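Only one structure is covered here, and it is reproduced in the block below.
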Amino acid sequence: MPVAEIASKITPEATPKEILETTLKTELRKQWETVLLHLQREISPANFYTWFKHTCLHSYDDMSGLFVVGTPNAFTKSWLDNKYRQNIINAAFASNLSIKKLELIIDSSLNNPENPDRVDPVKLIKETKKAPLSQSRNNTLNPRYVFDNFVVGDNNRLAYAAGKAVVAAPGESYNPFFIYGGVGLGKTHLIQAIGNAMVRENKQSRVLYITSETLTNDLVNAIQARATKKFKDKYRTIDTLIIDDIQFLSSKTQTQEELFHIFNELYENNRQIIISSDCPPREINSLSDRLKSRFEMGMIADIGIPDYETRLAILRSKCQERGIIIAPGVLEFISQEITTNVRELEGVLTQAIAQWQFTHIEPTVDIVANFLTKHHRLTSIKGNKRSVGMEDVVNFAADYLDLAPADITSRGRRKEIVTARQICMYILKHDLNMSYDLIGQNFGGKNHTTAMHAVRKMTNDLQTDKALVRSVNAIRRDLGLL
Ligand code: ADP
Ligand code: MG
């Protein structure tokens, strides 16, 4: 979402919490508007305006797939629930939202005309008509995902090279091209970059990008409307078929059956097929063997977790794309902290930029660290705390700092040992709220003032020493405290 758009909704006095909430709400509003635009194609205008008036997307969690729609009163709620539940689900799929559970709630604040969350369908449709969505034949591709802004590292080099080869010779040697890897590692980016490059090379090329949910949904709709021939024609008359997240086809036997026929026809006609998944074909649950073996016929490449240098390069590239300069130390810090998911890496950067924009305070390591502790990892703090004890803290610190646990509890005066000991004391106090007395006793029967001094010194040093912030947070995270 463009920063300017969020900025217009945020007052200069807004706190970071308010900023995040506004950002989230703007995002939800946009998602709901997209869903409504799909919905209005399925429902008569009168019904659409009557029943979707003053509704909102209350929340959407793309990990759990829970999609909560807010309605202004009990009557609308039960009407939507009884009549339009399936339409809403279909429209959410068509908007590329991976909805797994739809919930409807009553939110009486939607009756207030001042409430910025409620959507006015009449206005929405009017505005969209003024600026029609481009109806080019390849409008399923997101133009933001291109090869130029895809950072290549050891984790994705093969997938990237194979993708380039597919563009150079579609339907030839790497067919199908199957990419697999964990969440948020760049699969969608890469397969869409391939599609965009194909269209760029050949404007006439018909590229269809689709998620497996949309595919299933299209089929269900076609069956309901007795239009399966149209469905088949749509998929059989394209040059390149890109299917994202094929793992969601598990157990969808009828869609699998149709896909099998579509696959064969495209393949025999040398059309390119590109597929992404969260695991290799063999490991997809409840996928028919014949599809598995089809998917294994061409090229299989995986995308792994990027190393530190690649993560840093990705952050630099994202900053460049947005025309923003952020202190190198901050980017290094984020790359150190967020290790397993590029989407999350980018999310932290976006939030750092948003805060900067609104508070006019340039992000520092401290601000980002604080923010990570407060917002990002908040959910994992609870529950784990009680099970962590003195020994765990020492063991994990020793592991991270490459020392022996016995060194840390010894009376050694070597600088790195002293620091390690102080880090442990800090965590024991700060995160586990252990008494200074007990901390002192645990560290070779020291007096409580030694522990108090250590914790004070750490608290002080953590204000300025970013390497220290990094170590402490890494250890806390390993312990499940962050
Ligand atoms: P996946 O489909 O594997 O879950 P995405 O393709 O949606 O992941 O990637 C998540 C985000 O991370 C996207 O914004 C994408 O642009 C970005 N991203 C992932 N890998 C790279 C990369 N190598 N270079 C640049 N951006 C990347
Ligand atoms: Mg994806």
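Count residues from 1 along the sequence. Model, not experiment: these values are computed from the prediction. We count ligands from 1, going down the list as the structure has it; atoms in each ligand are counted the same way.
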Exercise. Provide, to 0.1 Å, the distance between atom 16 (O) of ligand 1 and the closest protein heavy atom, together with that atom's residue and name.
Key: His189 ND1, 2.7 Å
Exercise. Give yes or no for whether the N/O distance cutoff of 3.5 Å, strictly under, is met between Gly186 and ligand 1.
Key: yes
Self-check item: Arg294 NZ/CZ over Tyr267 ring centroid, <6.0 Å and within 45° of normal
Solution: no
Practice problem: Report, in ascending order of atom number, the atoms of ligand 1 lying under 4.0 Å from any heavy atom of Asn156. | Solution: 23 (N)
Self-check item: For atom 22 (C) of ligand 1, the option (of Asn341, Thr188, Val151, Val146) bearing the nearest heavy atom
Solution: Val151
Practice problem: Going by heavy-atom distance to atom 18 (N) of ligand 1, choose the closest among Asn155, Val342, Ile179, Asp245. | Solution: Val342
Practice problem: Run the numbers on Tyr160 and Phe147 for ring pair (Phe, Tyr, Trp, His ring centres under 6.0 Å), then give the verdict. | Solution: CA-CA 8 Å; Tyr160 174 86; Phe147 279 122; 5.5 Å; yes
Quiz item: So is Gly184 polar-close to ligand 1, meaning N/O to N/O under 3.5 Å?
Solution: yes
Exercise. Considering only NZ, NE, NH1 and NH2 on the basic side and carboxylate oxygens on the acidic side, decide whether Glu332 and Arg470 come within less than 4.0 Å.
Key: no
Exercise. Considering only non-hydrogen protein atoms, determine which one is nearest to atom 25 (C) of ligand 1 and report residue, atom name and distance to 0.1 Å.
Key: Asn149 O, 3.2 Å
Quiz item: Just which atoms of ligand 1 are under 4.0 Å from any heavy atom in Arg144?
Solution: 14 (O)
Quiz item: Which residue owns the protein heavy atom closest to atom 7 (O) of ligand 1, what's the atom, and how far is it?
Solution: Arg343 NH2, 2.9 Å
Practice problem: Could you tell me whether the Mg ion (ligand 2) has an N, O or S atom of Ser276 under 2.8 Å away? | Solution: no
Quiz item: Does CD in Glu321 sit with more than 12 non-hydrogen atoms of other residues, nucleotides or ligands closer than 6.0 Å?
Solution: yes
Quiz item: Which heavy atom in Val167 sits nearest to a heavy atom in Glu201, and how many Å separate them?
Solution: CG1-CG, 3.9 Å
Quiz item: Numbering the atoms of ligand 1 from 1, which are under 4.0 Å from a heavy atom of Tyr145?
Solution: 16 (O)
Self-check item: Any side-chain donor near an acceptor of the partner, Asn217 and Thr214, under 3.5 Å
Solution: no
Quiz item: Under 3.5 Å between some N or O of ligand 1 and some N or O of Leu185?
Solution: yes
Quiz item: What atoms of ligand 1 come closer than 4.0 angstrom to any heavy atom of Glu346?
Solution: 11 (C), 12 (O), 13 (C), 14 (O), 15 (C), 17 (C)
Practice problem: Do me a favour and list the nearest non-hydrogen protein atom to atom 26 (N) of ligand 1 with residue, atom name and distance? | Solution: Lys318 NZ, 3.0 Å
Exercise. Applying salt bridge (charged side-chain N to carboxylate O under 4.0 Å, His left out), run through Glu257 and Arg290 and close with a yes or a no.
Key: CA-CA 10 Å; Glu257 170 85 25; Arg290 54 186 195 168; 3.2 Å; yes
Self-check item: Non-hydrogen side-chain atoms of Asn473 and Arg476 separated by less than 4.5 Å
Solution: yes
Quiz item: Would you say the side-chain atoms of His189 and Asn149 include a donor-acceptor pair closer than 3.5 Å?
Solution: yes
Quiz item: Are any of the side-chain heavy atoms of Asp399 and Ile475 separated by less than 4.5 Å?
Solution: no
Quiz item: Under 4.0 Å from any heavy atom of Val183, which atoms of ligand 1 are there?
Solution: 4 (O)
Quiz item: For ligand 1, which atoms have a heavy atom of Gly182 less than 4.0 angstrom away?
Solution: 3 (O)
